[in-house]
Structures are given as C-alpha cells and as structure tokens.
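Worksheet for the structure shown next.
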Amino acid sequence: MDPRMTALFHLLQYSDATFPVGTFSFSNGLETASYEKLVHDASGLEQYARSAARQAAFSDGVAALTAYRACKKGDYKAICDIDARLMLFKMNDEARLMLRRMGKKLAELSALIFSSDILSRWLADIEREVTPGSYPVAQGIVFALSDLSEEDLYVSYQYGVINMILGAALRCVRVSHYDTQDILFRLASETPALYEQAKDMDFEDMNCFVPEMDILASLHEKGSMRMFMS
C-alpha cells in the first residue's frame with residue numbers, strides 16, 4: 001500500500017465541494033456584492049475571490065496551521081486557545097456563524113471516522129459551548145490525524161475559500177462554469193507564495209484587513225436578500 005496515495009485520496013475527499021460541512025450554504029459576502037452590482041462579471045469575480053483568498057491566507061490559514069501543529073504535539077490547550085482567539089479576530093457575526101457551523105459539522109463527521117481523544121474532547125467542548133469549534137481549527141485537527149502535510153492543509157483551506165465563492169457565483173453572477181474554472185486555475189498559482197508568508201506567522205502576526213468584504217458582510221446581516229440560507 002502506498003501511504004501517499006491514500007493521503008492524496010483523503011485530501012481530495014476533504015476538499016470536495018460535496019463534503020458535507022455546509023460550504024454550499026455560504027457565499028462569503030458575494031451575494032451582497034452581486035446584489036449591490038459590485039461584482040457582475042468574470043473579471044470582478046476574480047478580483048473578489050483573490051481578495052477573499054488573501055484575507056483567509058493570513059488569518060484562518062494561520063489558525064489552521066497552528067491547530068495542526070498543536071494537534072501533532074497533543075497540546076489540547078493550544079488548540080482551544082487558537083479556536084477562541086480566532087473567533088475574537090472576526091469582525092462580523094456572519095463570519096463567526098459560518099466558521100462555527102462548518103467547524104461543528106466537520107468535528108461531528110470526523111468523530112465517526114477517527115478514534116482520537118483530542119477530537120472527542122474537542123467535540124464535547126463544542127457541544128457544551130466551552131470552545132467555539134471554528135472550521136480552520138477543525139481542519140487543522142483532521143489533517144493532523146490523517147497524516148496529511150501542512151502544505152496539504154493550507155492548499156485545501158485556500159481551495160475551499162475560493163471554490164465556495166466560485167460555486168456561489170454560478171447562482172448570482174453572470175458567469176459560466178468555464179469562467180469559474182479559468183479563475184480557479186489562475187488563483188492556484190498564487191497559493192504557494194501565500195503559504196511561504198503564512199507558514200512562519202503566529203497569532204500575533206495574523207491580519208485580514210479587507211474592509212470592503214467586512215462592509216459587505218455587515219450589509220448582508222441587515223439585508224433581506226437570502227439566496228443561500230435562511
């Protein structure tokens with residue numbers, strides 16, 4: 001048996017758009033950007049997806065890497081610390097809701113797959129609301145337990161952020177599957193450089209200053225349009 005082939009299979013599984021953690025329910029602010037006519041074509045969509053990828057690269061991506069390393073060391077306290085601090089880092093309720101909802105779903109699903117004291121304890125603490133249970137931290141734990149690499153984790157998280165937006169775009173922006181795949185292919189080449197910067201960052205270095213996206217999220221919280229979830 002080739003362990004790398006098995007690991008690659010797991011990487012594809014965790015990164016699949018149909019992996020049941022609820023990514024299809026969120027647009028990362030895109031539906032508001034579309035409604036306000038700020039994103040209305042392939043060019044604008046690519047700029048939006050690139051901004052979201054960069055925002056995630058130096059915030060959620062760093063949290064995921066930190067959780068991964070803590071899980072590898074068996075440091076449960078560090079996992080909970082980054083989980084709590086990441087939620088404080090988020091500026092809008094919708095982002096916190098998205099990360100908590102997806103994180104809990106991934107923890108529940110993973111608990112059925114893995115026999116892990118850390119994972120079982122973390123899921124119990126999520127259910128007791130002792131820890132938020134954010135999605136980047138959940139991914140860090142799952143990838144560590146799967147013996148996938150840090151690079152695998154980072155690529156998967158960035159792919160998920162971009163693909164979530166591109167999938168949503170097919171429902172609210174005038175673009176085709178050809179457009180979204182073209183964008184995804186180009187943005188893939190930017191991920192290694194983002195990882196090289198993020199891999200040496202710790203929580204104090206994290207940043208996610210993309211104010212336009214936070215403003216759009218605030219408008220969405222107060223708005224009545226709901227294309228993806230109620």
Side-chain angles (χ1 to χ4, degrees), residues 15 17-19 21-64 85-106 132-139 154-177 179-184 186-188 190-191 194 198 206-230:
S15 305
T18 62
F19 195 62
V21 293
T23 56
F24 64 89
S25 299
F26 298 94
S27 70
N28 215 336
L30 179 66
E31 64 176 324
T32 302
S34 173
Y35 181 82
E36 297 293 339
K37 297 181 173 53
L38 299 174
V39 175
H40 54 81
D41 59 13
S43 176
L45 176 61
E46 181 169 349
Q47 293 178 50
Y48 191 90
R50 179 175 287 108
S51 295
R54 188 170 184 84
Q55 185 183 54
F58 304 132
S59 55
D60 298 357
V62 175
R85 295 178 74 179
L86 177 61
M87 300 308 290
L88 293 174
F89 196 75
K90 296 299 175 180
M91 295 183 66
N92 59 79
D93 288 338
E94 189 162 273
R96 291 188 286 270
L97 172 65
M98 178 178 72
L99 293 190
R100 292 184 70 154
R101 215 173 256 188
M102 291 168 55
K104 185 177 181 181
K105 283 184 178 293
L106 180 54
S134 64
Y135 186 60
V137 173
Q139 276 202 307
Y154 199 79
V155 166
S156 181
Y157 196 85
Q158 290 299 106
Y159 172 83
V161 170
I162 296 167
N163 204 41
M164 177 194 300
I165 291 169
L166 298 182
L170 292 169
R171 290 170 277 176
C172 65
V173 180
R174 192 171 294 179
V175 292
S176 69
H177 287 283
D179 294 321
T180 57
Q181 290 304 309
D182 189 35
I183 292 168
L184 186 61
R186 277 197 297 276
L187 294 185
E190 300 175 13
T191 300
L194 296 176
M206 284 170 56
N207 61 85
C208 67
F209 189 67
V210 186
E212 297 90 341
M213 298 189 74
D214 287 313
I215 291 170
L216 288 170
S218 298
L219 290 172
H220 188 260
E221 288 174 11
K222 297 176 182 179
S224 59
M225 81 292 285
R226 287 293 182 271
M227 298 179 183
F228 304 108
M229 61 176 293
S230 60

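Throughout, numbering of the chain's residues begins at 1 and tracks the sequence.
Taking both residues in full, the closest heavy atoms of Ala63 and Pro136 are given as CB-CB, 4.4 Å, listed atom of the first, atom of the second, then distance. Pairing each heavy atom of Ile183 with each of Ala42, the nearest pair is CD1-O, 3.6 Å. Pairing each heavy atom of Ala56 with each of Val161, the nearest pair is CB-CG2, 3.8 Å. Nearest approach of Val175 to Asp41, heavy atoms of both residues: CG1-C, 3.9 Å.
Under the rule for a salt bridge (charged side-chain N to carboxylate O under 4.0 Å, His left out), the partners of Asp182 that lie at least two apart in sequence or sit in another chain are Arg186. Evaluation of the side chain to side chain contact (heavy atoms under 4.5 Å, CB included) rule for Gln47 yields Ser43 as partners, not counting sequence neighbours. Considering only residues two or more places apart in sequence or on other chains, Tyr157 meets the side-chain hydrogen bond (donor to acceptor under 3.5 Å, both in side chains) condition with Asp60. Considering only residues two or more places apart in sequence or on other chains, Thr191 meets the side chain to side chain contact (heavy atoms under 4.5 Å, CB included) condition with Tyr154, Val155, Gln158. Judged as a salt bridge (charged side-chain N to carboxylate O under 4.0 Å, His left out), and not counting sequence neighbours, Arg174 has no contacts. Under the salt bridge (charged side-chain N to carboxylate O under 4.0 Å, His left out) criterion, Arg100 pairs with no residue, sequence neighbours left out. A search for side-chain hydrogen bond (donor to acceptor under 3.5 Å, both in side chains) contacts involving Ser51 returns nothing, not counting sequence neighbours. Remark: Phe58 engages Arg54, Leu194, Gln197, Ala198, Met201, Asn207 in a side chain to side chain contact (heavy atoms under 4.5 Å, CB included) (not counting sequence neighbours). Scanning for side-chain hydrogen bond (donor to acceptor under 3.5 Å, both in side chains) contacts around Lys104 gives an empty result, with sequence neighbours left out.
One N or O on the side chain of Ser59 and one on the backbone of Gln55 form a donor-acceptor pair closer than 3.5 Å.
Separating the CD atom in Glu31 from the CD1 atom in Ile165 is a distance of 12.0 Å, to the nearest 0.5 Å. Atoms CG and CD, on Leu184 and Glu46 in that order, are 10.5 Å from each other to the nearest 0.5 Å. Between the CZ atom in Arg96 and the CG atom in Leu88 there is a gap of 8.5 Å [rounded to 0.5 Å]. Separation of atoms CG (Asn163) and CG (Leu187) is listed at 11.0 Å; rounding is to 0.5 Å. The CG atom of Leu170 sits 9.0 Å away from the CG atom of Asp179 when rounded to the nearest 0.5 Å. Between atom CE of residue Met102 and atom CZ of residue Phe19 there is a gap of 10.5 Å, rounded to the nearest 0.5 Å.
For residues 160-169, the set of pairs meeting the salt bridge (charged side-chain N to carboxylate O under 4.0 Å, His left out) definition, not counting sequence neighbours, is empty.
For the pair Tyr48 and Leu38, the minimum side-chain heavy-atom distance is 4.5 Å or more. Side-chain contact between Leu45 and Leu30 is present, with at least one heavy-atom pair separated by less than 4.5 Å. Met164 has its side chain within reach of Met98: a pair of non-hydrogen atoms, C-beta onward, lies under 4.5 Å apart.
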